Enquirer: 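I'd like to ask you about the structure that follows.
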Amino acid sequence: MSEIMIDPSKTCCFTGHRPENLPVDYEELYIQLDAVIRQAVSDGYDTFLTGMAKGFDMIAGDAVLRMKNHGFPLRLICAVPYKGFGEHIRDEWRNISQTLFSQADAVEYISPKSHPGCYQLRNQWMIDHSCRVIAYSANLESGTQNTIRYAEKKNIPVTNLFDF
């Protein structure tokens, strides 16, 4: 994969909960994501960043790939907290993880190895390279909520699908 340029003014990132804090009906989440991604595209966004965590991050990345496969000129970038992240996935999320890695336009490794704080660095990197956030946050104290607060501090608008 070659180096990819990111124009933050045309870039949107995703942040959200792990599977246990998401609604059971993922298809409803895909419908919501389709609508907000289409709106983002209509507003001039063409690049989407996923943090590749199980749950919302992967579902959102997959929603972007579904739209790309239907002819939308979108770019998907996997923002990965550290090299080797995702290799341990052995459950039902493994296939989607492999698909995202193989079909993404780029994979950006934020840290060379796992360390305390690498997930926070990944989240900040995504916000620092975006001008819009699409989230799924039930306002639980979490990395997702920290990411939303960081975006709000930088005056980056957040669309929270939990509120829909």
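All heavy atoms count here, side chains included; hydrogens, waters and symmetry mates do not. These numbers were taken from a predicted model, which means no experiment stands behind them.
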Enquirer: Which of these passes side-chain contact (heavy atoms from CB on, under 4.5 Å) with Phe48: Leu65, Thr11, Ile77, Leu74?
Expert: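 Among Leu65, Thr11, Ile77, Leu74, the one that satisfies the side-chain contact (heavy atoms from CB on, under 4.5 Å) with Phe48 is Leu74.
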
Enquirer: Examine the side chains of Asp128 and Tyr150 and answer whether a donor and an acceptor come within less than 3.5 Å of each other.
Expert: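 Side chains of Asp128 and Tyr150: pair found under 3.5 Å.
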
Enquirer: Does a side-chain N-to-carboxylate-O contact under 4.0 Å join Lys54 and Asp91?
Expert: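 The answer is yes: the pair qualifies as a salt bridge.
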
Enquirer: Could you tell me which residues satisfy side-chain hydrogen bond (donor to acceptor under 3.5 Å, both in side chains) with Thr147, sequence neighbours excluded, listed by chain and number?
Expert: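 Expected list: Asn123.
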
Enquirer: Going by an N to O cut-off under 4.0 Å, is there a salt bridge joining Asp105 and Lys68?
Expert: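 The answer is yes: the pair qualifies as a salt bridge.
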
Enquirer: Would Arg66 pass as a cation-pi partner of Tyr30, given that its NZ or CZ must be under 6.0 Å from the six-membered ring centre and within 45 degrees of the axis?
Expert: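 Yes - Arg66 lies over the ring of Tyr30, closer than 6.0 Å to its centre and within 45° of its axis.
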
Enquirer: Does some side-chain heavy atom of Asp46 sit less than 4.5 Å from a side-chain heavy atom of Pro73?
Expert: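 Not in contact.
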
Enquirer: State, yes or no, whether a side-chain contact exists between Ser130 and Leu49 at a heavy-atom distance under 4.5 Å.
Expert: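 Ser130 vs Leu49: side chains touch.
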
Enquirer: Evaluate the side-chain proximity of Val80 to Phe101: yes if any heavy-atom separation is below 4.5 Å, no if none is.
Expert: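 Phe101 vs Val80: side chains touch.
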
Enquirer: Please list all pairs passing the salt bridge (Lys or Arg N to Asp or Glu O under 4.0 Å) test where one or both residues lie in residues 73-88, with sequence neighbours left out.
Expert: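 Counting only pairs at least two positions apart or across chains, no salt bridge (Lys or Arg N to Asp or Glu O under 4.0 Å) contact touches residues 73-88.
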
Enquirer: Do Ile59 and Trp93 touch side chain to side chain, with heavy atoms closer than 4.5 Å?
Expert: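 Yes - at least one pair of side-chain heavy atoms lies under 4.5 Å apart.
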
Enquirer: Which other residues end up in the same hydrophobic cluster as Ile31, if Ile, Leu, Val, Met, Phe, Trp and Tyr are linked when side-chain heavy atoms come under 4.5 Å apart?
Expert: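 For Ile31, no cluster forms, as it stays isolated from other hydrophobic side chains.
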
